Asks: 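First the structure, then my questions, so here it is.
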Amino acid sequence: MILNRKMGRKNKIYSTVDAVVADIPDGATIMFGGFGGAGFPNNLIQGLARQGARNLKVISNNCGTGDGELGILFKNHQVTRVVAAFPGPGAKHFQEQLDAGKIELELVPQGILCERMRAYGAGIPAFYSPVGVGTEVARGKEERLIRGKRYILEDALGADCAFIKAYRADRLGNLIYRKAARNFNPIMATAAKLTIVEVDEIVEVGELDPEAIVTPSIFVDRIVQAKGLRFV
Amino acid sequence: MILNRKMGRKNKIYSTVDAVVADIPDGATIMFGGFGGAGFPNNLIQGLARQGARNLKVISNNCGTGDGELGILFKNHQVTRVVAAFPGPGAKHFQEQLDAGKIELELVPQGILCERMRAYGAGIPAFYSPVGVGTEVARGKEERLIRGKRYILEDALGADCAFIKAYRADRLGNLIYRKAARNFNPIMATAAKLTIVEVDEIVEVGELDPEAIVTPSIFVDRIVQAKGLRFV
Amino acid sequence: MSKLRLTREQIAQRAALELPDGAIVNLGWGIPNLIAAYVPPEITVYFHSENGILGMGPRAAAGEEDFDLVDAMKIPVTVIPGAAFFSQVDAHVMTRGGHLDICILGGLQVSEKGDLANWRVPGAKGAGGIGGAMDISVGAQRLIVAMEHNAKDGSPKIVNTCTYPLTAVQCVNTIITDLAVIDVTPEGLLLREIAPGIAPEEVQKYTEPKLRYAGKVPEMRLSKL
Amino acid sequence: MSKLRLTREQIAQRAALELPDGAIVNLGWGIPNLIAAYVPPEITVYFHSENGILGMGPRAAAGEEDFDLVDAMKIPVTVIPGAAFFSQVDAHVMTRGGHLDICILGGLQVSEKGDLANWRVPGAKGAGGIGGAMDISVGAQRLIVAMEHNAKDGSPKIVNTCTYPLTAVQCVNTIITDLAVIDVTPEGLLLREIAPGIAPEEVQKYTEPKLRYAGKVPEMRLSKL
């Protein structure tokens with residue numbers, strides 16, 4: 001997987017969506033932010049659909065709504081593996097290909113999906129979890145009694161690339177989000193080798209309140225300003 | 001340990017420092033925020049010194065500077081066990097009692113101190129860590145190879161009570177901090193059964209920006225407004 | 001099936017009475033989602049949404065939706081003063097870490113021991129989805145399941161052992177249905193209240209495990225709108 | 001001891017040249033703390049402090065200190081535009097998670113394999129303190145140790161095996177001292193540069209493990225103030 005900042009820490013801003021996703025290779029593992037219609041990097045997803053990378057491994061809460069959000073990538077047969085918490089009743093294209101045996105699915109409890117990504121970003125390779133003990137989720141996982149309670153071992157979850165959506169970025173890559181559009185985005189930013197953010201607005205360095213920055217610039221590699229695109 | 005919110009989630013504000021610490025029992029395990037002179041709950045510490053609880057188990061980055069910060073609790077012989085990352089060259093009273101065998105010390109790497117508290121607050125009982133592998137820190141801990149790398153198992157670290165310092169609280173207990181005075185405070189707020197915060201200012205509900213709240217009210221049990229007290 | 005069963009709205013009304021003043025609450029899919037409307041006016045509860053909201057208010061009025069402000073069911077909502085936004089990982093620090101006072105979820109099956117199955121019907125089409133239910137079930141200080149007492153085919157949903165895929169084991173504290181309020185206790189299921197006009201023996205008939213009760217079982221109270 | 005050894009300030013000057021433009025950098029106690037003053041003016045680096053600052057600027061001027069804005073050494077500092085504040089747990093997500101481009105720490109001993117000992121002198125008074133050094137050493141993308149080549153008693157600080165309590169094993173990439181710049185490689189220690197007027201053989205004399213070098217070893221460059 002050859003993916004890097006290209007322009008370094010000082011110049012992260014790309015002028016077009018197509019340019020910012022141009023070098024995503026076939027076979028890449030990509031995290032996608034977004035939940036409940038909010039905070040999806042829809043422009044980046046559309047760009048990836050145009051770019052055409054195949055055999056993608058997707059990590060995302062859900063799997064699109066019709067052609068919207070991640071739907072287009074499934075429609076285009078660009079995805080072969082999915083880690084998700086709630087593929088969703090509207091994930092038509094995903095479901096068709098899952099049923100046809102063309103996609104492998106790993107279903108993960110939502111909080112554990114978050115926690116596994118956070119662990120990766122935090123340099124923690126694995127942790128014990130109370131979630132899913134005694135359920136299908138525990139299948140194949142080590143179980144262990146700790147202070148008299150049952151837990152299962154969960155692995156950190158990283159990616160080659162994170163596609164995220166924020167509200168505003170400054171030119172260094174500090175990010176703020178809007179309301180519940182924050183969701184998975186700040187976690188994914190920490191858990192990928194390369195984080196690409198689509199934002200409503202790019203502001204000058206110093207315009208974001210240092211007390212209120214949610215994702216510090218260290219976690220952001222590429223920024224593109226893109227007109228809002230929402231599938232409700 | 002009988003410590004509780006007493007006044008419930010809706011009325012968290014105490015009028016005096018002495019009242020807010022009045023029921024801390026002997027033998028309590030207490031986390032104290034603060035680092036490098038910033039963000040110490042100095043009024044709460046002074047209150048605890050007046051209150052006189054003994055046999056306390058302290059979790060803190062350091063152990064006071066002379067009589068200042070945590071120093072007074074050691075001077076008063078109120079502490080019998082410490083978990084710390086950097087007791088500090090100025091921790092005179094702590095050092096005397098450690099040398100005299102009156103205090104037990106567990107020395108923990110700073111990031112792991114943070115991570116163990118976060119794990120507790122997040123319902124994670126234990127995690128594997130790359131930090132301290134092959135060092136004194138690994139002594140007595142399980143070592144495990146994960147994907148070819150060496151890690152040690154670290155336990156979550158919780159407390160009966162967290163004493164923290166914030167800049168502003170609203171009346172529900174939402175908190176914001178000031179600059180590097182944030183440090184350990186937001187983590188400890190999540191890792192104790194009872195979190196007591198000392199703040200410079202209490203504001204009305206709705207006055208804090210929901211996007212910029214660092215500690216949501218769910219983690220805060222008692223609030224007291226107290227005049228600044230700093231040991232530099 | 002008894003004709004005296006409560007409606008889904010009435011189950012929600014009863015469940016709302018379980019909320020203590022000042023509680024931080026997470027409501028799941030299905031009947032639980034109806035509960036917010038029935039919170040008694042004299043108390044204040046704070047709603048948590050696992051996509052990153054504490055202090056969620058009512059649904060947004062038509063024409064006033066902000067699609068960046070949705071609940072875990074994708075519905076545009078509002079926030080009350082004192083609300084906070086945070087990431088999904090922090091939202092689940094709250095669920096899994098035991099910080100929520102009370103959670104009310106829907107259910108497909110609940111076992112005698114308080115095991116919950118609520119995320120997939122075996123043989124149903126589609127991949128299904130776990131969502132946040134497992135994290136919430138494991139971490140809730142108190143977990144209530146609000147559901148119909150019996151499945152559409154009349155089979156009991158309160159069972160000796162769940163046959164559906166589990167959400168979490170030994171997690172349910174109380175079951176509120178269209179027939180009864182039942183507490184899960186170490187000694188088994190305790191029939192705490194019954195729907196008006198229903199006899200305890202009738203509730204037992206619709207329930208697989210043995211119910212404990214003694215003397216007269218009180219009637220289910222309902223919250224007023 | 002050689003009279004041609006560099007000063008502590010000169011070690012810092014040399015270390016500053018290792019910083020790539022745009023790097024995110026953490027500087028530890030001792031000589032590393034002098035480096036910020038020598039960053040070449042044509043590059044920008046972003047300083048991280050493990051108490052929760054990214055974008056730390058110079059020390060605060062006398063009379064302008066804000067004691068809520070201190071570095072990991074408790075010194076009042078400033079921030080540059082674009083700085084961010086965060087909690088200590090998030091600060092160490094950055095260290096341990098491998099997000100810092102380059103970290104420069106002081107050292108008591110460095111072994112041939114790149115083990116670092118820098119937090120306690122055996123037998124010294126006091127409890128000692130680990131601080132953030134272990135997290136930083138383990139996570140740094142590139143770890144440089146800036147220290148004097150020899151202890152006050154002349155004994156080598158670059159040793160076959162550390163005898164002091166370890167900070168982390170196999171973590172050091174480069175050692176910058178008052179005598180030399182040495183890279184830790186899978187084949188052993190590589191003498192990359194030497195202080196002006198010093199012969200490779202002399203550096204070897206002050207170093208316990210064998211140093212590799214071939215032909216003429218370049219002189220250490222120094223950053224201008």
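Keep in mind that this is a model prediction, so the values were computed, not measured.
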Asks: Can you establish whether the number of heavy atoms outside D/K113 located under 6.0 Å from its atom NZ is more than 12?
Replies: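 No.
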Asks: With a 4.5 angstrom heavy-atom cut-off, is it the side chain or the backbone of D/A133 that approaches chain B, or both, or neither?
Replies: neither
Asks: Decide yes or no for D/V89 and B/E115: does some side-chain heavy atom of the first lie under 4.5 Å from some side-chain heavy atom of the second?
Replies: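 With C-beta onward as the side chain, the pair touches.
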Asks: With side chain to side chain contact (heavy atoms under 4.5 Å, CB included) as the test, would you mind laying out the steps for B/T65 and D/K74 before giving the verdict?
Replies: CA-CA 12 Å; B/T65 304; D/K74 209 174 164 166; 3.3 Å; yes
Asks: Among residues 94-104 of chain B, which ones touch chain D with a heavy-atom distance under 4.5 Å?
Replies: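 B/F94, B/Q95, B/L98, listed by number.
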Asks: Of the backbone (N, CA, C, O) and the side chain (C-beta and beyond), which part of B/P186 lies under 4.5 Å from a heavy atom of chain D, both, or neither?
Replies: side chain
Asks: Sort B/V108 into side chain, backbone, both or neither according to what part of it lies under 4.5 angstrom from a heavy atom of chain D.
Replies: backbone
Asks: Counting C-beta onward and ignoring hydrogens, is there a side-chain heavy-atom pair between D/W119 and B/L107 closer than 4.5 Å?
Replies: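 Of all side-chain heavy-atom pairs linking B/L107 with D/W119, at least one is under 4.5 Å.
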Asks: May I ask you to check whether D/H92 and B/Q110 show a side-chain donor-acceptor distance below 3.5 Å?
Replies: yes
Asks: Sort by residue number and list every residue of residues 120-134 of chain B having at least one heavy atom under 4.5 Å from chain D.
Replies: B/P130, B/V131, B/G132, B/V133, B/G134
Asks: Does B/K75 NZ have over 12 foreign heavy atoms under 6.0 Å away?
Replies: no
Asks: Which atom pair, heavy atoms only, marks the closest approach of B/A38 to D/F67?
Replies: CB-O, 3.4 Å
Asks: Select, from D/G139, D/C171, D/S137, D/G132, the one with the greatest count of heavy-atom pairs under 4.5 Å involving chain B.
Replies: D/G132
Asks: Looking at D/Q170, D/E50, D/R96, which has the largest count of heavy-atom pairs under 4.5 Å with chain B?
Replies: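 Counting heavy-atom pairs under 4.5 Å, the top option is D/R96.
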Asks: Can you see which heavy atom on B/P109 is nearest to which on D/M134, and at what distance?
Replies: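 In this case the closest contact between B/P109 and D/M134 is CG-SD, 3.7 Å.
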Asks: Flag the one option from B/I187, B/V214, B/V137 with the top tally of heavy-atom pairs under 4.5 Å to chain D.
Replies: B/I187
Asks: In Å, rounded to the nearest 0.5 Å, how long is the span from CG of B/D200 to CG of D/D68?
Replies: 7.5 Å
Asks: Say you draw a straight line from CD1 of D/I130 to CD1 of B/I112; how long is it, rounded to the nearest 0.5 Å?
Replies: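 Reported to 0.5 Å precision, the distance equals 10.5 Å.
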Asks: Where on D/S87 is there a heavy atom nearer than 4.5 Å to chain B: the side chain, the backbone, both, or neither?
Replies: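 Both parts, heavy atoms under 4.5 Å.
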Asks: Side-chain contact, heavy-atom cut-off 4.5 Å: B/K179 with D/V79?
Replies: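 Sidechains of D/V79 and B/K179: no contact.
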Asks: Any side-chain heavy-atom pair from B/R182 and D/D90 closer than 4.5 angstrom?
Replies: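 Sidechains of D/D90 and B/R182: no contact.
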Asks: In terms of heavy-atom proximity below 4.5 Å to chain D, should B/L105 be classed as side chain, backbone, both, or neither?
Replies: side chain
